[in-house]
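Contents: one structure, followed by commentary.
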Amino acid sequence: MRLNEQQDKAVKTIEGALLIIAGAGSGKTRVITNRIVHMLEMGIPQSQILALTFTNKAAKEMQERIRELTGKKLQNLSISTFHAFGVKILRQDIETLGWRENFSIYDEVDKNQLIKETARELGLKTEGLDIYKIANLFSNIKIGRWTWEASNDAYKQLYDEVEAGLKLYNAVDFDDLITLPLRIFQEFPEVKEKYRERYKYIMVDEFQDTSIQQYHLMKAIADQNVAVVGDDDQSIYSWRGANYENILMFERDFPNVMEIRLEQNYRSTETILAAANGVISHNTNRKDKSLWSGNGSGKPIEVYMPEDEHDEASFIAEMIQSLRMSEGRKFGDFGVLIRANTMTRAIEEAFLAENIPHSISGGTSFFQRKEIKDIISYLRLISNHDDDINLLRIINTPRRGIGKKTIEQISAISTSQKCSLWTSINALIAASESPLSDRAKADLVEFVELIGKQRSLLLSGGKGLSKKVRAMVDEINYMDYLMAEYQKNEKAARFKFLNIEHLLSGIDSWENNPDTFDSGLYAYLNRITLLSRDDMEDEEGLLGKVNLMTIHASKGLEFPVVFIAGAEDGLIPHARSVEEGDGNIEEERRLFYVAITRAQDKLFISSCRRRRKMQTVVECTPSPFLDEIPENLVSYHEPKGAISDAEAIDFLAKMKNRFVM
DNA sequence: CGTCTCCAGGTTTTT
DNA sequence: CCTGGAGACG
């Protein structure tokens, strides 16, 4: 398919500032990839190009497509998420700020743990503290979205202590991955210059979802040639600091900007697009645009009102089976979208019952699973001894006799000496007079020796990281520990077992990937914290599976058939979100808009009459957004048996034909 | 002093 | 269902 006029212009315009307003399904990804290919064809070196995306998935996909189009190795082309780009900068230059190169990256769980520990040390009552809320507050403070006010002042000391803790442990959190590079650029202009000189052509995808900080980071290194691509109607990350007013800021900062609008939708039927437009037109705060489709009107949108979430799940499962037969659809043609991860369970059960292969994106990230975190914690401690949070996680896992009292004693030294736990442990071991029992001391010595030994093995260089990690898992008897821990639940044990195997094979394929230059431990750890579970999935597998994911995770994807499950008031829009502020209702509507526009041919929306929430069953009413879809586009689905006889016979006939031929 | 067992709570969306 | 924490037990 040829590029249309606007697309072509966007691809060919590589000098100067460019703002591409790309409506849903307007071939945005194609434009971006073709634009990079065009640059390469014009002789621009890979090393001068930087493309920033929002998710790892998008980055990976872009890289793949460019590889396919050019058939070249892309060794020097930088395509990454903002966060991964931040890591890259920090690995090079974080020492200017006083961290060491082997810093740890704390995820949400680690950070919450740190907050809890710190609160305990400060003598704050931990019970009654809503760690989740506090973490949220701290994050918003750090990214400059909120400021200290009388209402939250009480936590300022805790905040400062947590920050001091991060530095002491040689660790950073997710927000630091953006704010610390910015700080480096402000304080050390010569470092900034280095990056400005290298990257001459910058591109930002999903621009509407960049935060102010990310915008500043981009602007700090951008010179002239900057292209941003976005759609204000698809801005769904404001809770993370995303601000689509960046688009206005961009226009102000780059006054000579050329604006290109992509308004032809190549993805969806006219029916689906009309529904999406009907919904989004209720938003007041948006750039007006006229998306159109030349794909024909297609089939009506089907709305179904199941009894409860189990009914809903079996409706989806049965409909998938039925469409496979009647329309020859493949499992990979289906996308099932939900608002919250907790909703996966019922649907997954139905899929298992119907034998429907599926993959789930998001959810508890693979790397958040306890068994995986344990192993990673070892690796982190081995690479960064001062990493207290990870030390605490594994110092007695598997059990090695180091309990609460011993840890308290170590911790007391750390507090008084302002040093890490690792340093305290070594001091305690070396001290001739120590408050520790001989037994405790011996256990600690053994632990320190274990870590030391593994450190020299794992950092010894050369290939074979996965082998070394496997050896470590054996050395600490982790598998035995799992067996003992879950002896009452063999299934769980086996599952965790498999997860560790999965991790090891993940390391293996990473280090054998030709795109991986540095297959050392540090490089692996830096990479891994930013990954989520679906980034582990192998590509081939996904094509033959139904895709179950949150609406947020579905952004940028498309499916021939889409189910939007749980379109109920309180979920879409989410009650929690509405609670937080009035502006959120427009964001929730955009979220629904994103969900609708994922569909190519056929869209199903279900809204349960009842849904189990925690322990109780609550009555539900349909999402108010459903009323915003023009009535004439919708047909109400009548409940019926799984597959009608006619369809089954039809299917059998088709199968027979296939055999005869 | 460390380990085991039982119980409550669940946290919107992601890097 | 699964995790983390508190309190009993050895």
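Every chain is numbered from 1 and lettered A, B, ... according to where its sequence line falls, protein lines coming before strand lines.
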Please determine whether a side-chain nitrogen or oxygen atom of A/Lys370 lies at a distance below 4.0 Å from atom OP1 or OP2 of C/dC1.
no

Picking from B/dT12, B/dT15, C/dG5, the nucleotide nearest the side-chain atoms of A/Gln113 would be C/dG5

Kindly write out the residues that satisfy side chain to side chain donor-acceptor pair (under 3.5 Å) with A/Ser238, not counting sequence neighbours, or none if the list is empty.
A/Glu587

In whole Å, I'd like the distance from the CD1 atom of A/Ile143 to the P atom of B/dT14.
16 Å

Contact under 4.0 Å: A/Asn341 side-chain N or O vs B/dT12 OP1/OP2
no

For A/Arg145, check salt bridge (Lys or Arg N to Asp or Glu O under 4.0 Å) against everything at least two apart and list the hits.
none

Greater than 12 external heavy atoms within 6.0 Å of A/Met479's CE:
yes

The nucleotide from B/dT13, C/dT3, B/dC1 with an atom nearest the side chain of A/Lys496 is C/dT3

At a cut-off of 3.5 Å, list every protein nitrogen or oxygen paired with a nitrogen or oxygen from nucleotides 4-11 of chain B, distance to 0.1 Å.
| residue | atom | partner | partner atom | Å |
| --- | --- | --- | --- | --- |
| B/dC4 | OP2 | A/Arg399 | NH1 | 2.9 |

Are A/Lys116 and C/dG4 close enough that a side-chain N or O sits under 4.0 Å from OP1 or OP2?
no

Let me know which of A/Glu619, A/Glu568, A/Glu309 forms a salt bridge (Lys or Arg N to Asp or Glu O under 4.0 Å) with A/Arg611.
A/Glu568

With sequence neighbours excluded, tell me which residues meet salt bridge (Lys or Arg N to Asp or Glu O under 4.0 Å) with A/Arg380.
none

No-H, no-angle donor-acceptor pair, A/Arg339 side chain to B/dT13 base, under 3.5 Å:
yes

Using whole Å, report how far CD of A/Glu587 lies from P of B/dT14.
13 Å

Any base atoms under 4.0 Å from A/Lys373, or only sugar-phosphate, or nothing? Heavy atoms, all strands.
nothing

Classify the nucleic acid contact of A/Ser437 as base, sugar-phosphate or nothing, counting any heavy atom under 4.0 Å across all strands shown.
nothing

5' priority, DNA chain B, between A/Thr406 and A/Phe82 [closest heavy atom]
A/Thr406

What's the closest nucleotide to the A/Arg240 side chain, out of B/dT12, B/dT15, C/dT3?
B/dT15

The side-chain contact (heavy atoms from CB on, under 4.5 Å) partners of A/Ala484 (sequence neighbours excluded) come to none

Classify the nucleic acid contact of A/Phe54 as base, sugar-phosphate or nothing, counting any heavy atom under 4.0 Å across all strands shown.
sugar-phosphate

Touch check for A/Asn396, heavy atoms < 4.0 angstrom, all strands: base, sugar-phosphate only, or nothing?
sugar-phosphate

Touch class at under 4.0 angstrom, heavy-atom based, for A/Lys404 against every strand present:
sugar-phosphate

A/Val448: partners by side-chain contact (heavy atoms from CB on, under 4.5 Å), with sequence neighbours left out
A/Trp422, A/Ile425, A/Asn426, A/Ile429

Residue A/Ala553, side-chain atoms from C-beta onward, closest of B/dT12, B/dT14, C/dT3:
B/dT14

